[in-house]
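Inspection log for the structure reproduced underneath, given as structure tokens.
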Amino acid sequence: MTKKIININLANPRGFCAGVVRAIEIVEKSIEKYGPPIYVRHEVVHNKFVIENLKKKGAIFTDNIDEIPMNSHVIFSAHGVSKKIREESKQYQLKPIDATCPLVTKVHNEVNHYLNNDYEIIMIGHKGHPEVEGTLGQEAESAKMFLVENESDIKKIKVKNKDKLAYVTQTTLSLDETRNIISKLITVFPNIKGPKADDICYATQNRQDAVNNQLDKAELLIVVGSNNSSNSNRLKELGDKKNIESYLVDSPKSIKSEWFNNKKEVLLTGGASAPEELIKSIIERIASLTNIKINEFNGVKENIIFKLPKI
Ligand code: SF4
């Protein structure tokens, strides 16, 4: 009996964004220039495959500045760091190389602008995510900053002056949820200042739009990305919310043959830190389990390139 053919519909754009490309290049170029090992504060991007490759080349990832030998170079991850981490690096006489995505730096600049003008700031984001810690940590005590994860957090906020209040957002949030939180914020604090729409980056937006455009006919959604990748989790949630069987995978080994039983339309995408090489190996694994036809969809063309810092 011939095996049935499953359509693997590839969302576009998918995979690497400009901030991730830049951050990986910074680590590789630093290893080339200064020789291994090169210390990186936190996983430079949240993808296991990328991290393992960089470890093999000589990168050492740590969350603790005090584990890095004095006078070493230290790379700050794409998620950005708090002022405290920058200060600690100085104390340990480390030589920082900044791989913070320029779109995260833009949010830090917004925060610093508001702080300098004596505003309190609400950050919409996920507690504990390194980008959120870095952005909240633009203010040493975080006394003028409040974290809001969902609409119900808004009523817990006690601000000093409703007219001197602003909001910023994490760059990798769900577009729909963030829009709802922002409109609630505007209802509660009508004079709140903020970015034109939100701080969600182009890559997060384009990847969510590409999945949403193809989701209606999908019976299975596979998102290539690691568990700690915020934007990849948000892509998987798009499927979950529509009750479509959805998986987040970062290794071909995680693909199970039973996922494809009685399915014909599979939508496959990759989060902003998932390399195309890994996406290909996942497609190969699916092809080893069943007959597939690959359909590549047109999507927004991304031609953003971020300049490297001086290394
Ligand atoms: S996902 Fe967005 S903010 Fe994060 S590194 Fe990529 S471009 Fe920058």
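Counting convention: from 1, in listed order, for ligands and their atoms alike. Hydrogens, waters and symmetry mates play no part in the numbers below; they use all other heavy atoms, side chains included.
Looking only at side-chain heavy atoms (C-beta outward), Arg285 and Ser251 stay at 4.5 Å or farther from each other. For the pair Glu219 and Glu245, the minimum side-chain heavy-atom distance is 4.5 Å or more.
The protein heavy atom nearest to atom 3 (S) of ligand 1 is Thr171 OG1, 3.3 Å.
Interface of Cys101 with ligand 1, defined as ligand atoms under 4.0 Å from a residue heavy atom, comprises 3 (S), 5 (S), 7 (S), 8 (Fe). For ligand 1, the atoms lying closer than 4.0 Å to a non-hydrogen atom of Cys17 are 1 (S), 5 (S), 6 (Fe), 7 (S).
When only modelled atom types and interatomic distance are considered, Ser174 and Asp176 share no side-chain donor-acceptor pair under 3.5 Å.
Taking backbone and side-chain atoms together, Cys201 has an N/O/S atom less than 2.8 Å away from atom 2 (Fe) of ligand 1.
A donor-acceptor pair is defined here as one N or O able to donate and one able to accept, closer than 3.5 Å; no such pair exists between the side chain of Asn231 and the backbone of Arg234.
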